[in-house]
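What you see below is based on every heavy atom in this structure, not just the backbone, and it leaves out hydrogens, waters and symmetry mates.
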Amino acid sequence: VLSWPHRYYYSSTVLIAKDVRFHAFTAYAQAFSTPSSLLPPRVHCVLLNALAELGEDAAPFIVHALPRLLHPHYDVRSAAVNALESLGPLAVPHSGAIAALLSADSICLRRTVVDALGRVAASGRPELDVIATALEHARPGVRESALEALGRLGEHLDGSHFQAIAAFLEDEDLRVRRQAVETLGMLGGHHNAELLARVAARLGDYAPCVRQCAASVLKMIPKDNPMQFLNKNAYRVKFIKQIK
């Protein structure tokens with residue numbers, strides 16, 4: 001069993017040697033051979049951050065990063081997400097494990113997961129079932145993060161996903177409604193007449209942030225679109241709300 005000074009030495013060695021592949025891999029092997037429970041959170045983070053620096057070259061150590069997605073410490077889970085995301089195409093098969101953290105209590109961790117899923121999506125189609133499960137979560141913050149994650153996936157979504165997102169325009173939580181409007185805007189929902197009509201209905205929402213977001217989406221309607229009149233309605237409703 002390594003003492004604390006030795007464990008910290010090994011984690012520091014990883015950072016120093018990260019650009020010298022052979023020595024870096026040797027340092028990783030020594031550090032990861034220490035039982036996870038014996039390493040303080042800070043050392044876990046140092047190791048995982050160094051893996052992220054190595055990018056796809058860190059593939060041999062992916063088996064060590066995956067279990068740390070379940071670590072009780074927030075910083076370690078966040079560092080594990082970043083380490084996996086840095087693997088590029090190799091991270092796609094593990095997108096479900098990353099997306100599972102959308103239900104985390106920490107909003108900062110959920111933000112890290114959303115950003116990571118967006119970058120993973122650039123390399124391949126992530127696992128959407130896990131994100132869909134998060135959409136049904138009881139906590140509004142989790143539903144909001146799941147909607148934001150879907151907004152980053154673009155070409156990987158189809159019409160059924162658009163309809164699922166639109167259903168949250170009626171959510172009881174104003175943050176979720178606002179995010180549903182914003183997500184539809186990010187995904188090009190301003191080209192779909194049915195979705196535009198549902199977004200336009202949010203101009204009458206009691207929450208100012210939802211109304212403002214809906215108006216912003218409607219402003220993106222192309223001038224040659226038959227639904228362009230909704231853009232003018234958005235300005236009129238916004239003006240009336242300001243007077244009231």
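- Sorted pairs that involve residues 86-103 and meet salt bridge (Lys or Arg N to Asp or Glu O under 4.0 Å), not counting sequence neighbours, are lacking altogether.
- Following chains of ILVMFWY side-chain contacts shorter than 4.5 Å, one cannot reach Val142 starting from Leu153, and the two form parts of different hydrophobic clusters.
- For the side chain to side chain contact (heavy atoms under 4.5 Å, CB included) test, residues two or more places apart in sequence or in another chain that qualify with Ser106 are Tyr74, Cys108, Leu109.
- The salt bridge (Lys or Arg N to Asp or Glu O under 4.0 Å) pairs that include a residue from residues 109-118 are Arg111-Glu148, Asp115-Arg152, where partners are two or more places apart or lie in different chains.
- You'll find the ring centres of His73 and His44 outside the 6.0 Å limit.
- Leu90 is linked by a side chain to side chain contact (heavy atoms under 4.5 Å, CB included) to Ala59, Leu87, counting only residues two or more places apart in sequence or in another chain.
- With sequence neighbours excluded, no residue forms a side-chain hydrogen bond (donor to acceptor under 3.5 Å, both in side chains) with Asn82.
- Identified under the salt bridge (Lys or Arg N to Asp or Glu O under 4.0 Å) test for residues 71-90, with sequence neighbours left out: Glu85-Arg119.
- Residues forming a side chain to side chain contact (heavy atoms under 4.5 Å, CB included) with Ala166 (at least two apart in sequence, or on another chain): Leu169, Leu184, Leu195, Arg198.
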task = Apply the test side chain to side chain contact (heavy atoms under 4.5 Å, CB included) to residues Arg202 and Gln212: give CA-CA distance (whole Å), side-chain angles for both, the deciding distance (0.1 Å), then the verdict.
result = CA-CA 9 Å; Arg202 290 297 97 206; Gln212 183 177 5; over 6 Å; no
Expected list for residues 128-138: side-chain donor-acceptor pairs under 3.5 angstrom, two or more places apart:
{"unit_1": "Thr133", "atom_1": "OG1", "unit_2": "Asp129", "atom_2": "O", "d": "3.0"}
{"unit_1": "His137", "atom_1": "ND1", "unit_2": "Arg139", "atom_2": "N", "d": "3.0"}

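- With contacts defined as side-chain heavy-atom distances shorter than 4.5 Å, the pair Leu51/Leu48 qualifies.
- Partner Leu147 forms a side-chain contact (heavy atoms from CB on, under 4.5 Å) with one of Val114, Val181, Asp171, Val176 and no other, that one being Val176.
- Atom OG1 of Thr112 sits about 11.0 Å away from atom CD1 of Ile98, to the nearest 0.5 Å.
- For the atom pair His64 NE2 and Leu47 CG, the distance stands at 10.0 Å (nearest 0.5 Å).
- Taking CG of Leu150 as the reference point, atom NE2 of His156 lies at 12.0 Å (rounded to 0.5 Å).
- Every residue two or more places apart in sequence or in another chain was checked for a side-chain hydrogen bond (donor to acceptor under 3.5 Å, both in side chains) with Ser95, and none qualifies.
- Closest approach of Ala80 and Ala65 over heavy atoms only: CB-O, 3.8 Å.
- One distance of note links CZ of Arg178 with SG of Cys213; it measures 6.0 Å at 0.5 Å rounding.
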key: Full working for salt bridge (charged side-chain N to carboxylate O under 4.0 Å, His left out) between Arg177 and Asp205   = CA-CA 9 Å; Arg177 296 197 303 275; Asp205 198 287; 2.7 Å; yes
inquiry  = Between Gln179 and Arg143, does the side chain to side chain contact (heavy atoms under 4.5 Å, CB included) criterion hold? Intermediate values first, please.
reply    = CA-CA 9 Å; Gln179 186 60 58; Arg143 299 198 298 275; over 6 Å; no
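- With sequence neighbours left out, the side-chain hydrogen bond (donor to acceptor under 3.5 Å, both in side chains) criterion links Arg125 to no other residue.
- Scanning for side-chain hydrogen bond (donor to acceptor under 3.5 Å, both in side chains) contacts around His161 gives Asp158, with sequence neighbours left out.
- Looking only at distances, no side-chain donor or acceptor of His94 sits under 3.5 Å from a matching main-chain atom of Leu84.
- Listed by chain and residue number, Arg211 satisfy the side chain to side chain contact (heavy atoms under 4.5 Å, CB included) test with Pro208 (two or more places apart in sequence, or in another chain).
- Of all heavy-atom pairs between Val76 and Pro41, the closest is CG2-O, 3.7 Å.
- The two atoms that bring Phe162 and Leu157 nearest to each other are CE1-CB, 4.5 Å, heavy atoms only.
- In plain terms, the two heavy atoms of Ala91 and Val120 that are nearest each other are CB-CG2, 4.1 Å.
- Scanning all heavy atoms of the two residues, the minimum distance from Ala116 to Val81 falls at CB-CG1, 3.5 Å.
- The heavy-atom pair separating Ala100 from Ser103 by the smallest distance is O-OG, 3.0 Å.
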